[in-house]
Structure formats: structure tokens, C-alpha cells
Amino acid sequence: MGERKKIIIDTDPGIDDAMAIFVALNSPEVDVIGLTTIFGNVYTTLATRNALHLLEVAGRTDIPVAEGTHQTFLKEKKVRIADFVHGKDGLGNQNFPPPKGKPIEKSGPEFLVEQAKLHPGQITVVALGPLTNIALAVQLDPEFSKNVGQIVLLGGAFAVNGNVNPASEANIFGDPEAADIVFTCGADIIAVGINVTHQVVMSADDKDKLASSNGKLAQYLCKILDVYYDYHLTAYEIKGVYLHDPATILAAFLPSLFTYTEGVARVQTSGITRGLTLLYNNQKKFEEVNEWSNKPSVKVAVTIDAPAVLKLIMDRLMKS
Ligand SMILES: O=c1[nH]cnc2c1ncn2[C@@H]1O[C@H](CO)[C@@H](O)[C@H]1O
């Protein structure tokens, strides 16, 4: 096999973030070279604490954690937290003891810029929360979008309803200005939206299967998953959970599990549709110049091999 792909996970753990981090750590295709933290499922301070904790659970305290920003890109916009999805502590209300480790000195955006410069074209950033740290990296270093190999992001609801409101998906809604900067920055981008992640459902039977495995990570996840199941039962009336973040991690190193379309994606930043993602599908040449004209394209996932994705996630989580 060739060299492992270097990935940095920008994360707001979060129950499905925990699953995604564990999938990555158990995947021979990738080398996780760092985690950067962001608000979203929890505040950034707690995201950092949870990131350090999850690495301790996995026995991977060699991986650095860089704390990201505590504020949205436009500092006056309020930070929105989805603790009703993941529990007050972000990890299923288990009140784990504080981690022993500390984040590194560098901030999340500084770490992203540094690593992309150090390994030009070789770093994949997998963004699992609002895109503020990535937008700050773009702002910090005009070369960042060229230096970074690829950005694979969980975000958007392409041609479907959102999950915060009918217009908007949570990660984009968390910082629409940042998302629009990232979508139009010119980097090689794969956007994985809830239009595909909603097809990857881990059923109650799958959870039982996870529980029956001896893997320490599987055992840990079974402790924290109940809150996530309860939320899905209330919000969607399903006895299963959507595997947004774990599915997105796979797109970073097994991209052929998805199919993609390409076009310019913009984000609505005002009005009742704030946070809406709108992809121009290149099917018409418009008479007038518009907000999509002459902007760089991104790839947007349109289909997913959901059974294969679910099986891979389960297999890797059950490995010890
Ligand atoms: O209803 C919701 N509100 C806020 N966040 C949510 C909701 N449902 C899921 N997620 C979280 O946001 C990302 C996918 O959009 C996932 O990380 C998921 O855990």
C-alpha cells in the first residue's frame, strides 16, 4: 500500500464526531496528524476537552490537539450550540473525568496553516463542524487554499431541507459567513451534505452488534450513544441514528463510495434562509453576471453507497 494520507480533523465532539475520530484512528489508509476544535455541538472549550479525552480513550495521546476559535467569523454573530443532540457534555451525559493532556500552544487556524505549508498538497482537512477555523486559515494565509491538499467537509443540505430549519444544515448555520468563504476559496473541496448522510442509519440492531463486540472503542461508544438515539426518536421518529461525521471521514480516503457533481456553491447569509447552501449546476449560461459567476467550483456528494459505508464504519469501530 502507498503512504498513508495525512488528515487533520476539525471537530466539535459530539457523539458522531467521536465515532468519526475512532473510525479514522482504526483506518490503515490514514494517519491522523492532529485535531483542531470548534464550537457547534458544544462550546469550543468543551470541544477541546472532549478531543483530548477521546484521544486518551483511544490511547493516541501522541496526536496534537489545537484549540480553535471560540467565536464566529463575524465576531458579533452568536455562537449556536446543539447540546440537545449530544447531551450537555457533548458525549452522552457521561460526565467523564477531565483529560490529563493539554492542547498545543498554536491555535487551530495556525496549526492548519502551518501543516499545509509544511506538507504542500498532502494534507486533507476533514471539517466536521462549522467552518470558522478553515475560513480563518484562509484569511491568515492567502496560500492556504493552494497548500492544502483537500478539504472534505460535512455541511449543507443540497436540494433538500436542512436540520436546523427547512433552509439550513447545522454546520453551515453555525457560521454561514465562514462557510461561504471556504466554498469560494479555490481549494479542492468535497462537500458531504445531509442529502447523502441521512441515508446512513445505524439501527438499534447495529448498536446491539457494536455492544457485543469486545473492541474497547465499540464498548465506549455504546455508553455514549443513548442520548443520540433518544434525540433521533424525538426529532425524526426513527429508531436509529444518522452517521453524518463517520460517513464524511470515509469520503476523505475512500471517495469512490460516493458520486459527485461539480459546481459553484454559495451560502445565503441573510434573511429567513440564512445558512442555505445553493449549488449552481452549470446547466444554463445566465445572461447577467451573478453571485456564482467566476467563482471556483467544489465537488458535492450526490449519491452514497450507504450499505458499504455502514459496513465499513461498523467493521472499523469493532476493531480493538
Ligand atoms: O437538529 C440538529 N441541530 C443541530 N445539529 C444537529 C442536528 N441534527 C444533527 N446535528 C449535528 O449536526 C451535524 C449534521 O448536520 C452532525 O454533526 C450532527 O451531530
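In each ligand, atom 1 is the first atom listed, and ligand 1 is the first ligand listed.
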With Asp141 as partner, the option from Leu112, Leu136, Val113 fulfilling side chain to side chain contact (heavy atoms under 4.5 Å, CB included) is Val113
Closest heavy-atom approach to atom 2 (C) of ligand 1 among Tyr231, Phe173, Tyr236 is made by Tyr231
Are Arg80 and Asp175 ion-paired here, with the side-chain N under 4.0 Å from a carboxylate O? no
At under 4.0 Å between heavy atoms, what of Tyr242 touches ligand 1? The answer is neither
Ranked by distance from atom 14 (C) of ligand 1, the top protein heavy atom is Glu169 OE2, 3.3 Å
Ligand 1 atoms nearer than 4.0 angstrom to some heavy atom of Val85 are 2 (C), 6 (C), 7 (C)
Going by heavy atoms, is His198 under 4.0 Å from ligand 1?
no
_Are the side chains of Tyr220 and Ile224 in contact, using a 4.5 Å heavy-atom criterion?_
yes
If you apply the rule salt bridge (Lys or Arg N to Asp or Glu O under 4.0 Å), what do you find for Glu291 with Arg266, and how did you get there? CA-CA 8 Å; Glu291 299 291 347; Arg266 296 297 311 262; 3.8 Å; yes
Near Arg80 (heavy-atom distance under 4.0 Å), the atoms of ligand 1 are 3 (N), 4 (C)
In ligand 1, the atoms that come under 4.0 Å of a heavy atom of Tyr228 are 19 (O)
Under 4.0 Å between a side-chain nitrogen and a carboxylate oxygen: does that hold for Glu177 and Arg274? yes
* Asked: For ligand 1, is there an N or O atom under 3.5 Å from any N or O atom of Asn163?
  -> yes
Tyr236/His198 aromatic ring centres below 6.0 Å: yes
Ligand 1 atoms nearer than 4.0 angstrom to some heavy atom of Ala170 are 4 (C), 5 (N), 6 (C), 12 (O), 15 (O)
When rounded to the nearest 0.5 Å, the distance separating OG1 of Thr36 from CZ of Phe111 is 8.0 Å
Separation between CD (Glu110) and CD (Glu105), nearest 0.5 Å, reads 10.0 Å
Any heavy atom of Thr197 under 4.0 Å from ligand 1? The part involved is neither
So for His232 against ligand 1, with non-hydrogen atoms under 4.0 Å, the contacting part is neither
When distances are taken from atom 16 (C) of ligand 1, the protein heavy atom at minimum range is Asp16 OD2, 3.4 Å
Closest to atom 11 (C) of ligand 1 among protein heavy atoms sits Asn41 OD1, 3.9 Å
Under 4.0 Å from one or more heavy atoms of Ala82, ligand 1 contributes atoms 4 (C), 5 (N)
One finds that the ligand 1 atoms under 4.0 Å from a non-hydrogen atom of His86 are 19 (O)
Side chain to side chain contact (heavy atoms under 4.5 Å, CB included) test vs Ile7 passes for just one of Asp31, Leu35, Ile123, Val32, namely Val32
>> So that I can tick it off, tell me whether Lys117 and Glu114 are bridged by a salt bridge, with the cut-off set at under 4.0 angstrom between side-chain N and carboxylate O.
In response: no
